[in-house]
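I have placed the structure first, in the form of structure tokens, so that the comments after it can refer back to it.
Numbers restart at 1 for each chain; the letters A, B, ... are given by sequence-line order, proteins then strands.
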Protein chains: 2
Amino acid sequence: MKHSPSMSSCDSCSNKFETIFKHLTQEEHDMISLDKNCEPYKKGSVIYHEGNRISGCYCISSGIIKIYKTGIDGKEQIITFAKNGDIIGFRSVLSGELACTTAKVIEDSSLCFIPGDTFIQLFKQNREFSMDLMQLACKELGEANAYITDIAQKTVRERLAEILILLKDNFHLDNEQFLQITLTREELANIVGTATESVIRLLSEFKSDKLIELHGRRIKITDINGLKKVGNIF
Amino acid sequence: MKHSPSMSSCDSCSNKFETIFKHLTQEEHDMISLDKNCEPYKKGSVIYHEGNRISGCYCISSGIIKIYKTGIDGKEQIITFAKNGDIIGFRSVLSGELACTTAKVIEDSSLCFIPGDTFIQLFKQNREFSMDLMQLACKELGEANAYITDIAQKTVRERLAEILILLKDNFHLDNEQFLQITLTREELANIVGTATESVIRLLSEFKSDKLIELHGRRIKITDINGLKKVGNIF
DNA sequence: GTATTAATATGATTTATATCATAACTTAAT
DNA sequence: ATTAAGTTATGATATAAATCATATTAATAC
């Protein structure tokens with residue numbers, strides 16, 4: 001590894017090469033490495049804005065990015081979180097459309113940039129990469145369908161319980177059973193699609209019901225099955 | 001055209017060849033034609049069920065299919081409608097996942113079947129086809145993000161107005177300005193994500209406000225701009 | 001054409017949740 | 001360390017929309 005000063009971040013991207021980039025040839029591998037521009041991003045910085053044209057994709061080597069869309073009153077609707085190993089921006093790059101979401105750093109991150117041209121060339125020349133990427137898009141489509149149905153049909157209580165379980169699944173619990181992602185109540189509300197106060201009240205209820213414990217913004221999940229039951233998760 | 005008895009339906013698929021299949025070679029074109037199985041489906045019949053494994057994709061040569069997901073109380077959440085020229089089922093085929101939606105015929109239809117193997121082979125061997133399909137998936141992803149944000153943030157009134165405009169855009173108005181798709185109030189409710197009675201009431205209001213006219217189930221849109229304003233569409 | 005079923009319409013009531021208001025606590029900035 | 005800004009918490013009130021109930025109309029089945 002030539003990138004000795006940021007070796008840890010590039011190692012992380014190499015790990016990602018075992019997933020979406022796992023079928024690249026060594027030459028293609030180098031092609032990305034050559035173009036790769038691994039940069040640190042501070043909490044709060046914006047990777048790309050909704051409505052802008054994106055010049056390339058980003059591979060996340062560390063940190064957490066929230067992907068959200070802004071609605072009519074300027075309220076955020078968080079669509080998903082991207083973490084170590086995920087790619088963001090591929091939708092706009094491949095479709096040639098403007099970004100339909102904004103990507104903002106919620107935990108100091110390190111991202112590797114892949115120019116759009118390179119990405120598209122890879123897609124076109126490596127059938128396995130294109131298949132992997134297609135499968136990723138299809139998986140995301142399936143998740144979106146579920147998200148739509150849940151927002152439309154589940155109560156806010158059910159939704160919040162479900163979100164906590166999803167956060168556990170995506171970011172895992174540490175040794176003390178705390179979620180390893182820290183969100184404001186407003187951010188949780190922006191995932192659930194409800195008012196901040198409603199989230200605060202429900203978290204308080206979940207705490208009373210011994211489903212979770214609250215330590216400042218840190219959330220300890222104490223009864224996973226209880227939460228699954230509340231969230232109607234099967 | 002050798003399919004003389006169902007020539008009109010195959011003509012329609014040929015027209016579709018000008019879009020998602022527009023970059024197939026003549027050989028690949030024939031490959032699909034050979035495998036193609038163009039069948040009539042009566043209103044009410046189910047093309048594929050949520051939870052099942054799909055053996056191939058369907059290209060719609062005529063008619064209308066509703067694509068929906070069933071929620072926890074057995075309620076439908078309609079995700080989209082597919083019409084002449086659209087493909088359904090590609091998500092599951094390419095991702096290898098079970099169908100996450102159900103496809104049901106709401107107007108007598110004619111569908112051409114493309115076996116999954118064939119479809120995947122086409123994806124792998126024709127870079128232009130794979131690119132077109134990828135762009136279709138990315139477009140759908142973008143639409144899903146908007147759908148999620150709208151359901152979460154817009155009022156039912158706004159949503160219904162917006163849905164009417166979307167139906168107009170997708171299915172167009174006939175010479176008398178009637179929507180060329182006929183849905184029950186329940187189905188409209190299942191798109192908006194609300195109760196049937198709420199849709200009935202709002203349609204009645206829209207009628208009073210001279211935004212639409214109601215003739216049985218047929219809806220005439222009389223004030224497109226008025227509806228856009230109500231729906232907060234820019 | 002008739003009977004049955006499904007859909008539509010309307011009114012009343014209930015419920016979930018948003019909004020408003022205020023105080024207390026935590027985090028960020030200097 | 002102090003101050004300012006942001007977040008969290010709680011209570012009260014308002015609102016949108018769901019649910020329940022019933023009657024009417026339209027579509028479907030035979």
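One atom, NE2 of H215(A), and another, C1' of dT7(D), lie 18 Å apart when rounded to the nearest Å. Rounded to whole Å, atom P of dA18(D) lies 12 Å from atom CG of L160(B). Rounded to an integer number of Å, the gap from CD of E107(B) to P of dA27(D) is 14 Å. Rounded to whole angstrom, the span from the CD1 atom of I200(A) across to the P atom of dC20(C) amounts to 16 Å. Across the protein-nucleic acid pair, L183(A) atom CG and dT26(C) atom P stand 19 Å apart, rounded to whole Å. Rounded to an integer number of Å, the gap from CD of E187(B) to C1' of dT8(C) is 14 Å. Atom NZ in K154(B) sits roughly 18 Å away from atom P in dA18(C) (whole-Å rounding). The CG-C1' distance, from L202(B) to dT8(C), rounds to 15 Å in whole Å.
Counting only heavy atoms from C-beta on, S198(A) has its side chain closest to dT17(C) among dA18(D), dA7(C), dT17(C). Ranking dT17(C), dA18(C), dA17(D) by closeness to the V156(B) side chain, first place goes to dA17(D). With dA9(C), dT17(C), dT19(C) as the choices, the nucleotide that has an atom nearest any side-chain atom of R201(A) turns out to be dT19(C).
A close approach under 4.0 Å does not occur between any side-chain nitrogen or oxygen of S204(A) and OP1 or OP2 of dA9(D). For dA16(C), the OP1/OP2 oxygens have no side-chain nitrogen or oxygen of R157(A) closer than 4.0 Å. Taking 4.0 angstrom as the limit, T196(B) places none of its side-chain polar atoms (N or O) nearer than this to OP1 or OP2 of dA7(C).
Relative ring orientation between Y58(A) and Y41(A) is described as perpendicular, the plane-to-plane angle rising above 60° on a 0-90° scale split at 30° and 60°.
Mapping E197(B) and K43(B) onto DNA chain D by nearest heavy atom places E197(B) closer to the 5' end of the strand. The 5' end of DNA chain C is approached more closely, in terms of each residue's nearest nucleotide, by A195(A) than by the other of A195(A) and G216(A). Between E186(A) and R217(B), it is E186(A) whose nearest contact on DNA chain D lies nearer the 5' terminus.
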Are R91(A) and E97(A) close enough, and set up right, to give a salt bridge (charged side-chain N to carboxylate O under 4.0 Å, His left out), and what steps lead you there?
CA-CA 8 Å; R91(A) 193 205 71 84; E97(A) 292 178 353; 2.8 Å; yes
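Checking side-chain atoms of E76(A) against main-chain N and O of K69(A) turns up no donor-acceptor pair under 3.5 Å. In this structure, S198(B) contributes its side chain and T196(B) its backbone to no donor-acceptor pair below 3.5 Å.
I181(A) has its side chain out of reach of N170(A): every pair of non-hydrogen atoms, C-beta onward, lies at least 4.5 Å apart.
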